[in-house]
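Have a look at the structure below, then the notes.
Letters go in sequence order (proteins before strands), and every chain restarts at 1. All values derive from a computational prediction rather than experimental measurement.
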Amino acid sequence: MSYYLTTPIYYVNAEPHLGHAYTTVVADALARFHRLLGLETRFQTGTDEHGDKVVEAAVKAGLPVKDFVDRVSARFRQSWDELDISYDHYIRTTDPAHVKVVQEVLSRVHESGGIYFGEYGGLYCYGCETFYLERDLIDGRCPDHQTKPTYLKEENYFFRMSKYQGWLLDYISDNPDWIRPERYKNEVLAFLREPLEDLCISRPKSRLEWGITLPFDERYVTYVWFDALLNYLSGLGYPGGDLYKKFWPAQHLIAKDILKPHAIYWPTMLAAMGLEPFAHLNVHGYWQLDSGKMSKSLGNVVEPKGLAAQYGVDQVRYFFLREMVFGLDAHFSVEALVARINADLANDLGNLVARSLGMAFKYRQGIVPPPGVPNDLDQEVILLAARAAADFLHNFPALEFSRALAGLWEFIGHLNRYIVVNAPWELAKQPEAAARLDTVLYHLLESLRWIAALLRPVMPASALKMSEQLGLGLALWDQPLPQVLQWGRLLPGSTLQKGPALFPRIDT
RNA sequence: GGCGGUGUAGCUCAGUCGGUUAGAGCAUGCGGCUCAUAUCCGCAGUGUCCGGGGUUCGAAUCCCUGCACCGCCA
């Protein structure tokens, strides 16, 4: 079994921002999760580097275009390294291998009649270098330049997308969770109620040179779709090689703004190429930044790099997955981030680890005690651990990250209550309760092992720290989840490690 | 303008697609514990489920309509 997951390739006309970081963190958590399940996993991200906006940005930065895209692409890559993103392949649309695949595919689709040469006429603004529709103009003038656009005819290449409309509608009906969550499937179906038009896929070099030359007409470059979307295949070495055979079809992860290209253009392109559609299109919402509170200083913080540096990589990763219901929009604020860190991570989980380990050291010299016969309270802990794990394993791959984590935190809450109910500090005062104290401590520590294992995809560094504090060697830690999640694998007699607070409170 | 979405506690939001008395977290107040990162535990709440109309034995949930906000087409 294999699992191939992609993020979009990010457009390099601007720096990485919160939305990019969210998509990439979600993808990373999913990739790590599936690796832990034991699936052969490939996780690809990268950058989209052609087109007029990039040229514009390069001119503005005073750099040759290639130097500019190198710089911004590296900036993205660095951000992902800082966020602990475990991508297997970082693709760039300026990679020679990608360019070659694009040209091969274009040739093939052209030869099979899927691409034709046609004329397009419209109102063109020289300032924007783009065509406008009548209805988009303000008093007949360009909304940006306040100039009157000229009627211009341009010859271009078009992809026969329209002929796939019926097929696509059928495919969506036959595969109801192909585009998910459901709301986005419905949106696509709404698009498809209108007749689908053919897709313009070229730009004359007189207007745009920074692109991939059409293999059948060197006066043109290909525009956006047959370049960018094909990264999902070129990154696998398509059409040759083993990777494509092993990993296609892909799980795509995108934000809702690029739903249409991925849900409509891309599958029809794949159909024209005679390929199997992607496995799922997974669509998420937006982080809403309250513009009122969005001061300039905060603007810098919302840059992923600054956020992780200030609040911690795992803290930010946890916040992303816990705070946003996948598919819906959510509000982002530093206040909300700090609230999550303090309440969930410092108070609930971090403190649970600290008090459990603290008691194990204070009462048992940091040695894992042997569990005695479990009573009802202990049985309940074991039951709830199993339930939390089962729910988590069910919700996480279904993209219900928030629910998965909320469920795990219910278990954490239960453990905090378990401590109060059992009052180990009282047991410690009674010599005859020694076995009972052993049992309580063991159930706590073993529960923490489960929690650490489940949190690995979300907070890899913190989960590892937990495992180290629990004295787990690699043999107990670095295994597929189903093997790790067996009650009682924490060995009595093994040595715990003291460590600093996992998630320090943030003073407000 | 067209299409789609959202509106639930002071705040942020769940509510698995009609079914007990509408929930969680945060924030607030009171009480308890001392193993712990001043943490944890218990108790207390507060609701015109945006307004109006309809379907139904029954609606936060389905339908119509109005308002507000958001997104896409761009």
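- When distances run from any side-chain atom of R403(A) to the nucleotides C40(B), G15(B), U12(B), the shortest one goes to G15(B).
- Within the nucleic acid shown, R505(A) comes within 4.0 Å of at least one base atom, counting heavy atoms only.
- Note: CH2 (W287(A)) to P (G71(B)) measures 17 Å, nearest angstrom.
- Here C72(B) is the nucleotide among C35(B), U34(B), C72(B) with the atom lying nearest to any side-chain atom of F191(A).
- Separating the CG atom of L437(A) from the P atom of C35(B) is a distance of 12 Å, rounded to the nearest angstrom.
- Among the nucleotides C13(B), C73(B), C17(B), the one closest to the side chain of H331(A) is C13(B).
- With rounding to whole Å, E197(A) atom CD is found 15 Å from C73(B) atom P.
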Can F396(A) and H34(A) be said to form a ring pair (Phe, Tyr, Trp, His ring centres under 6.0 Å), step by step? CA-CA 10 Å; F396(A) 209 83; H34(A) 286 89; 8.3 Å; no

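- Atom-to-atom distance recorded for L199(A):CG and N156(A):CG is 11.0 Å, nearest 0.5 angstrom.
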Derivation and outcome, ring pair (Phe, Tyr, Trp, His ring centres under 6.0 Å), residues F319(A) and F332(A): CA-CA 10 Å; F319(A) 177 82; F332(A) 180 88; 5.7 Å; yes

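- At least one side-chain nitrogen or oxygen of Y363(A) sits closer than 4.0 Å to the OP1 or OP2 atom of C35(B).
- Remark: the separation of the P atoms in U61(B) and U6(B) is 13 Å, to the nearest Å.
- Scanning all heavy atoms of the two residues, the minimum distance from D52(A) to L208(A) falls at N-CD1, 3.6 Å.
- Within the 4.0 angstrom heavy-atom criterion, only backbone atoms of the sugar-phosphate kind lie near N416(A); the bases stay farther away.
- The distance from atom CD1 of I341(A) to atom P of G25(B) is 20 Å, rounded to the nearest whole Å.
- Between R317(A) and D84(A), none of the side-chain N atoms (NZ, or NE/NH1/NH2) sits under 4.0 Å from a carboxylate O, so this pair counts as no salt bridge.
- At the heavy-atom level, V325(A) lies under 4.0 Å from the strands shown only through sugar-phosphate atoms.
- Annotation: C26(B) and C41(B) have their P atoms spaced 9 Å apart (nearest Å).
- Listed pair R340(A) / C26(B) fails the phosphate criterion, with no side-chain N or O lying under 4.0 Å from OP1 or OP2.
- A354(A) comes within 4.0 angstrom of a base, heavy atoms only.
- Summarising the geometry, the separation between CG on L337(A) and C1' on C11(B) is reported as 16 Å, rounded to the nearest angstrom.
- For the pair N347(A) and C40(B), the criterion of a side-chain N or O lying under 4.0 Å from OP1 or OP2 is met.
- The side chain of N351(A) has U37(B) as its nearest neighbour among U6(B), U37(B), C73(B).
- At the heavy-atom level, P424(A) lies nowhere under 4.0 Å from the strands shown.
- A salt bridge does not link E468(A) with K465(A): none of the charged nitrogens is closer than 4.0 Å to a carboxylate oxygen.
- Within 4.0 Å of D348(A), counting heavy atoms only, lie sugar-phosphate atoms of the nucleic acid but no base atom.
- Between the NE2 atom of H262(A) and the C1' atom of C72(B) there is a distance of 16 Å, rounded to whole Å.
- Residue contacts for E323(A): at a heavy-atom cut-off of 4.0 Å it reaches the sugar-phosphate backbone alone, with no base atom in range.
- The side chain of R417(A) lies closest to G42(B) when the candidates are C73(B), C70(B), G42(B).
- Remark: the separation of the C1' atoms in A59(B) and U8(B) is 14 Å, to the nearest Å.
- A gap of 15 Å separates the C1' atoms of A24(B) and G47(B), to the nearest Å.
- At a threshold of 4.0 angstrom between heavy atoms, the contacts of L328(A) are confined to the sugar-phosphate backbone, with no base atom among them.
- For the C1' atom pair drawn from U20(B) and U37(B), the interatomic distance equals 42 Å after rounding to whole Å.
- Here C40(B) is the nucleotide among G15(B), C40(B), C41(B) with the atom lying nearest to any side-chain atom of R355(A).
- Between the CG atom of D391(A) and the C1' atom of A14(B) there is a distance of 15 Å, given to the nearest Å.
- Minimum atom distance to the side chain of W425(A) is reached by U34(B), of the listed C72(B), G5(B), U34(B).
- Between K429(A) and W425(A), the shortest heavy-atom contact is CG-O, 3.5 Å.
- The side chain of M359(A) has C35(B) as its nearest neighbour among G5(B), C35(B), C41(B).
- Spacing between atom CG of L345(A) and atom C1' of G25(B) amounts to 13 Å, rounded to whole angstrom units.
- Look at the C1' atom in both U65(B) and A74(B): the space between them is 29 Å, to the nearest Å.
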